[in-house]
Asker: 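Before anything else, here's the structure in question.
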Protein chains: 2
Amino acid sequence: MTTSLRSNPTDLPPLPSACLPRPLDAVAAIRDVANDRFSMRSAVSIRRYEPRQMIFEQSQPCRHIFEIIEGTVKLTIALPDGRRQILAVLGPGDLLGLPLVQQHNTSAIAISDVRVKQIARSVFDASLLLQRRAAAQLQKQFLKMQDMIVSLGRRNATERIASYILETAKSGNHDDATPNQPPWSFTLALSQTDLADHLGLTLETVSRELTKLKNHKIIRMCGRNHLEVLDPSRLSEFADNVSYPQAAVNCEAPEPVSARRRGRAAR
Amino acid sequence: MTTSLRSNPTDLPPLPSACLPRPLDAVAAIRDVANDRFSMRSAVSIRRYEPRQMIFEQSQPCRHIFEIIEGTVKLTIALPDGRRQILAVLGPGDLLGLPLVQQHNTSAIAISDVRVKQIARSVFDASLLLQRRAAAQLQKQFLKMQDMIVSLGRRNATERIASYILETAKSGNHDDATPNQPPWSFTLALSQTDLADHLGLTLETVSRELTKLKNHKIIRMCGRNHLEVLDPSRLSEFADNVSYPQAAVNCEAPEPVSARRRGRAAR
DNA sequence: CGCGATTTTGACGGTCCTCAACTTTTGTGG
DNA sequence: CCACAAAAGTTGAGGACCGTCAAAATCGCG
């Protein structure tokens with residue numbers, strides 16, 4: 001069960017060295033390993049990954065920066081006992097291995113077929129242009145992560161699912177040609193299992209919530225990961241779950257503790 | 001449904017080019033200063049705040065950057081219905097209003113007596129030194145936020161409390177002069193209410209978890225917010241899955257889905 | 001001391017996790 | 001192309017964790 005290269009999703013290569021980006025050919029592999037620091041030709045190169053392949057791994061030394069050219073990549077952290085959290089889902093133009101630390105603190109795993117530009121740290125450190133892009137990316141990520149923290153800390157399962165779908169639908173690439181008309185149609189990057197690991201839920205809960213939305217005729221799913229938003233406005237009601245019809249612009253002075261909502265749930 | 005005025009956490013403003021460091025623009029600088037009700041002298045100025053005072057507020061335009069000189073500040077986001085999440089607790093040396101966006105997406109509130117250096121955006125944008133510090137700060141924050149996401153998504157109440165105390169004890173300023181001997185002694189910056197808003201729990205749960213640790217003789221509390229860690233090693237058992245920095249050993253291949261822990265709880 | 005804010009404690013219930021069995025989809029080989 | 005197996009998703013029953021509500025206790029401050 002631990003043999004094949006790409007069969008099992010959770011079945012990753014046994015040795016750390018094997019987890020390094022798979023080179024395009026054996027010669028390149030040898031060269032990379034031998035001359036990592038010196039070989040100019042490996043300073044910038046294109047690499048390909050298949051779904052489920054690891055681009056880099058948590059706690060590996062961080063020798064390269066990657067720019068996604070094509071495809072989708074998930075950034076994950078695993079706790080010692082196997083629980084996982086997907087921190088971000090990145091696409092073309094995004095940079096990987098951004099936090100300029102010595103060791104990767106996340107693993108990057110290809111979701112679809114992926115092409116990345118691999119850039120040696122030395123090149124990155126010398127390029128102001130790249131660093132500027134990295135800063136911009138960092139900030140974009142930063143805002144997303146803040147939102148994620150609020151979701152995980154203060155939203156219930158329904159709200160998390162609904163707002164994830166809304167977010168993806170709004171920002172995402174629609175499959176059809178009429179992205180403004182309500183039946184928004186798009187492809188989910190994540191499986192339900194991954195969605196659970198992204199939203200801090202279990203796969204069963206994700207499944208049940210999606211079923212609920214389907215029964216309400218708010219979404220429709222064709223095939224494994226194709227989703228249509230039939231009723232965006234009702235979906236956003238599920239997403240922000242405001243109890244009293246928000247009259248005021250209530251981002252002002254916080255209400256007294258006794259009056260405001262606490263905790264997570266609300267229905 | 002969703003009013004345009006309310007700042008919606010799932011609806012972040014795009015990142016315009018203005019987010020990138022902007023060359024010093026004399027006209028812009030003069031305009032900024034003119035618009036500032038505190039006149040010329042406020043391009044860089046020292047300000048003081050008392051506990052609970054707001055330094056800036058969610059959805060306000062972001063005209064200044066603040067550097068904390070003294071005291072502690074919490075960064076919070078409020079949902080429309082009043083639920084809150086404390087995103088970070090910052091101290092001397094830290095910068096506020098970092099994400100260089102047009103509008104603050106968080107509120108900054110003084111916890112203790114606070115002194116900050118208020119720096120006009122124009123000054124900030126012209127200072128490479130400041131920008132460099134901002135980038136460093138951003139990265140530090142980034143890693144903390146990643147850890148926070150894992151905590152909120154995948155840890156139960158006990159683990160969150162325990163690892164918060166551990167983290168604070170390790171990084172924090174100890175009150176006593178022997179920071180290496182087990183009875184670690186320090187002051188909690190957050191009230192239990194705020195702790196709840198930071199860890200995605202309710203204040204009752206926080207109280208119960210702290211009581212549990214007290215009964216186990218793992219911590220001791222003298223006064224409102226003074227805490228002593230009596231038994232760090234048992235505390236870290238409660239925190240259990242400590243995050244990436246150490247524990248480099250067990251970051252190898254994840255176990256198969258059927259075997260690994262799912263969801264949040266574990267006891 | 002007296003008052004308000006904060007914390008503690010208890011009882012109860014809901015959300016979501018756990019376990020388990022089943023169904024559907026996907027992928028592979030004969 | 002179908003059979004088969006593995007992966008992914010669905011559904012149900014039950015219970016744990018933690019949120020909710022309520023009231024009492026404690027702390028801190030004038």
Side-chain angles (χ1 to χ4, degrees), chain A residues 1-11 50-52 81-83 111 152-161 188 190-197 199-215 221-227 238 241 243 254 256-267, chain B residues 50-52 81-84 111 152-161 188 190-197 199-215 221-227 256-267:
Chain A
M1 115 180 187
T2 45
T3 48
S4 87
L5 265 179
R6 45 167 306 201
S7 63
N8 192 330
T10 58
D11 185 15
E50 296 169 12
R52 298 161 197 291
D81 65 355
R83 283 177 284 177
I111 292 180
L152 295 176
R154 288 304 183 211
R155 289 181 153 130
N156 63 27
T158 309
E159 294 170 314
R160 293 186 211 180
I161 294 279
L188 280 176
L190 298 178
S191 68
Q192 291 190 24
T193 303
D194 278 352
L195 207 47
D197 280 342
L199 302 179
L201 303 168
T202 59
L203 49 102
E204 293 93 334
T205 300
V206 169
S207 175
R208 274 186 261 262
E209 292 295 332
L210 288 177
T211 302
K212 196 166 75 183
L213 290 177
K214 278 186 274 188
N215 291 341
M221 296 189 65
C222 336
R224 211 54 153 187
N225 47 11
H226 189 86
L227 197 142
F238 277 83
N241 191 10
S243 33
V257 170
S258 53
R260 70 185 177 92
R261 270 226 81 74
R262 309 169 308 147
R264 185 176 308 134
R267 272 290 57 185
Chain B
E50 296 168 12
R52 299 164 192 289
D81 65 355
R83 284 176 285 177
R84 278 190 226 168
I111 293 179
L152 294 176
R154 288 304 182 211
R155 288 179 158 135
N156 63 26
T158 308
E159 293 170 318
R160 292 185 211 180
I161 294 279
L188 280 177
L190 298 178
S191 69
Q192 291 189 26
T193 303
D194 279 352
L195 206 46
D197 280 343
L199 301 179
L201 302 169
T202 58
L203 48 104
E204 293 94 334
T205 300
V206 170
S207 174
R208 274 186 261 262
E209 291 297 331
L210 287 177
T211 301
K212 196 167 76 182
L213 290 177
K214 277 186 275 188
N215 291 341
M221 296 189 66
C222 335
R224 213 55 157 186
N225 48 12
H226 189 87
L227 198 142
V257 170
S258 52
R260 71 184 177 95
R261 272 226 78 74
R262 308 170 307 148
R264 185 176 306 134
R267 268 296 61 173

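Proteins get letters first, then strands, A, B, ... in listed order; numbering begins at 1 in each.
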Asker: Is A:T193 near enough to D:dG9 that one of its side-chain N or O atoms lies under 4.0 angstrom from OP1 or OP2?
Answerer: yes
Asker: Under 4.0 Å between a side-chain N or O of A:Q192 and OP1 or OP2 of D:dT10?
Answerer: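 Result: yes.
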Asker: The criterion is side-chain hydrogen bond (donor to acceptor under 3.5 Å, both in side chains); which residues satisfy it with A:T205, sequence neighbours excluded?
Answerer: A:T202
Asker: To the nearest angstrom, how far is B:R208 atom CZ from C:dC12 atom C1'?
Answerer: 11 Å
Asker: Look at the side-chain N and O atoms of B:T202 and state whether any lies under 4.0 Å from the OP1 or OP2 oxygen of D:dG19.
Answerer: yes
Asker: When you get a sec, tell me which of C:dA20, C:dT8, D:dC18 is the closest nucleotide to the side chain of B:L203?
Answerer: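 Minimum distance to the B:L203 side chain belongs to C:dT8.
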Asker: Calculate the interatomic distance between B:L195 atom CG and C:dT6 atom C1'; express it in whole Å.
Answerer: 13 Å
Asker: Tabulated below should be each protein N or O lying under 3.5 Å from an N or O of nucleotides 25-30 of chain D; please produce it.
Answerer:
residue, atom, partner, partner atom, Å
D:dC27, O4', B:R224, NH1, 2.7
D:dG28, OP1, B:R224, N, 2.9

Asker: For the helix from C:dC1-D:dG30 to C:dG30-D:dC1, figure out the bend between the end axes, five pairs an end, and round to 10 degrees.
Answerer: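 Inter-axis angle at the termini of the helix from C:dC1-D:dG30 to C:dG30-D:dC1: 50°.
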Asker: Which residues pass the side-chain hydrogen bond (donor to acceptor under 3.5 Å, both in side chains) test with A:S191, not counting sequence neighbours?
Answerer: none
Asker: Does D:dA8 have OP1 or OP2 sitting under 4.0 Å from an N or O in the side chain of A:S207?
Answerer: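 Answer is no, no contact under 4.0 Å.
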Asker: Ignoring backbone atoms, test whether B:T205 places a side-chain nitrogen or oxygen under 4.0 Å from the OP1 or OP2 oxygen of D:dC17.
Answerer: no
Asker: I would like to know whether B:H226 and B:L188 meet side chain to side chain contact (heavy atoms under 4.5 Å, CB included); could you show each step before the answer?
Answerer: CA-CA 6 Å; B:H226 189 87; B:L188 280 177; over 6 Å; no
Asker: Report yes or no: does A:R154 contribute a side-chain atom to a donor-acceptor pair with the main-chain N or O of B:R84 at less than 3.5 Å?
Answerer: yes
Asker: Tell me whether A:R83 is salt-bridged to A:D197, with the criterion being a basic N under 4.0 Å from an acidic carboxylate O.
Answerer: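 Salt bridge between A:R83 and A:D197, a charged N being under 4.0 Å from a carboxylate O: no.
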Asker: The side chain of B:R52 is closest to which nucleotide in this list: C:dC17, C:dT6, C:dT9?
Answerer: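 Shortest atom-to-atom distance from the side chain points to C:dT6.
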